[in-house]
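Note sheet for the following structure.
Quick note on labels: first sequence line is chain A, next is B, and so on, each numbered from 1.
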Amino acid sequence: MSGRELRRNLAILPIGTVRELTLLTDRQIRYYEQHGLISPKRGDGGQRRFSLNDVDQLLNIKDHLDAGDSTKDIKEIFEKQARKARQSKNTDQALRRSLQDEFAKIGRFDVR
DNA sequence: ATTCTAACA
DNA sequence: TGTTAGTA
């Protein structure tokens, strides 16, 4: 995982900050969690800790809700997106590997 | 002061 | 979803 991705997934934001960032009520944020739309980590005394990706996710949820989608629909959409993201990531790695192989065969390029 | 869970008008 | 009670 890249450093950039690591920072994006750092779960350190308390719900109060997320509330201001997303303009959602804490009630709504907790409700979306119950329905599996987000999965913030828990820290000190069971308090939720959100990452920047969680904030991003919540903003997307708000848009989908405005668009008239149910929480159930949104969950499916996210799962579908996650599947595709994992796929393209894999084909990306596969492409890099095969290119490395080709260069290695040709010889003049050090793979390392 | 903040956040958490559970529950109700 | 809003709101409130009783906690940690």
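- One atom, CZ of A:R27, and another, P of B:dC4, lie 13 Å apart when rounded to the nearest Å.
- At C:dT1, none of the side-chain N or O atoms of A:T25 fall inside 4.0 Å of OP1 or OP2 (strictly under the cut-off).
- Atom-to-atom, CG of A:D26 to C1' of C:dA5 comes out at 15 Å; the value is rounded to the nearest Å.
- In this entry the distance linking CD of A:Q47 with P of B:dT2 reads 12 Å, nearest Å.
- The separation between A:D44 atom CG and C:dA8 atom C1' is 10 Å, rounded to whole Å.
- Looking at A:K62 and A:L23, their side chains come closer than 4.5 Å, going by heavy atoms from C-beta outward.
- Among C:dG2, B:dT5, B:dT3, the nucleotide with an atom closest to any side-chain atom of A:R48 is B:dT5.
- The partner of B:dA9 is absent, by the rule that a Watson-Crick or G-U pair needs both atom distances under 3.5 Å.
- With A:T17 contributing its side chain and A:L13 its backbone, the two residues share no donor-acceptor pair below 3.5 Å.
- Residue order along DNA chain B, read from the 5' end via each residue's closest nucleotide, puts A:P14 first among A:P14 and A:Q34.
- A sub-4.0 Å separation between OP1 or OP2 of C:dT1 and a side-chain N or O of A:Y32 is present.
- A straight line from CD of A:E33 to P of B:dA6 spans 12 Å, rounded to a whole angstrom.
- At least one side-chain nitrogen or oxygen of A:R19 sits closer than 4.0 Å to the OP1 or OP2 atom of B:dT3.
- Rounded to an integer number of Å, the gap from A:F50 CZ to B:dT3 C1' is 10 Å.
- Of the possible polar contacts, none joining the A:N60 side chain to the A:Q57 backbone as a donor-acceptor pair under 3.5 Å is found.
- Spacing between atom CD1 of A:I29 and atom P of B:dC4 amounts to 9 Å, rounded to whole angstrom units.
- In this structure, A:K75 contributes its side chain and A:G36 its backbone to no donor-acceptor pair below 3.5 Å.
- Residue contacts shown for A:R49 are absent, as no nucleic acid heavy atom lies under 4.0 Å away.
- Between the CG atom of A:L24 and the C1' atom of B:dT3 there is a distance of 17 Å, given to the nearest Å.
- Within the 4.0 angstrom heavy-atom criterion, no nucleotide atom of any strand lies near A:G45.
- Proximity of A:R48 to A:P14: side-chain heavy atoms (C-beta onward) are nowhere separated by under 4.5 Å.
- Pair assignment for B:dA1: none, as no Watson-Crick or G-U wobble contacts are both less than 3.5 Å.
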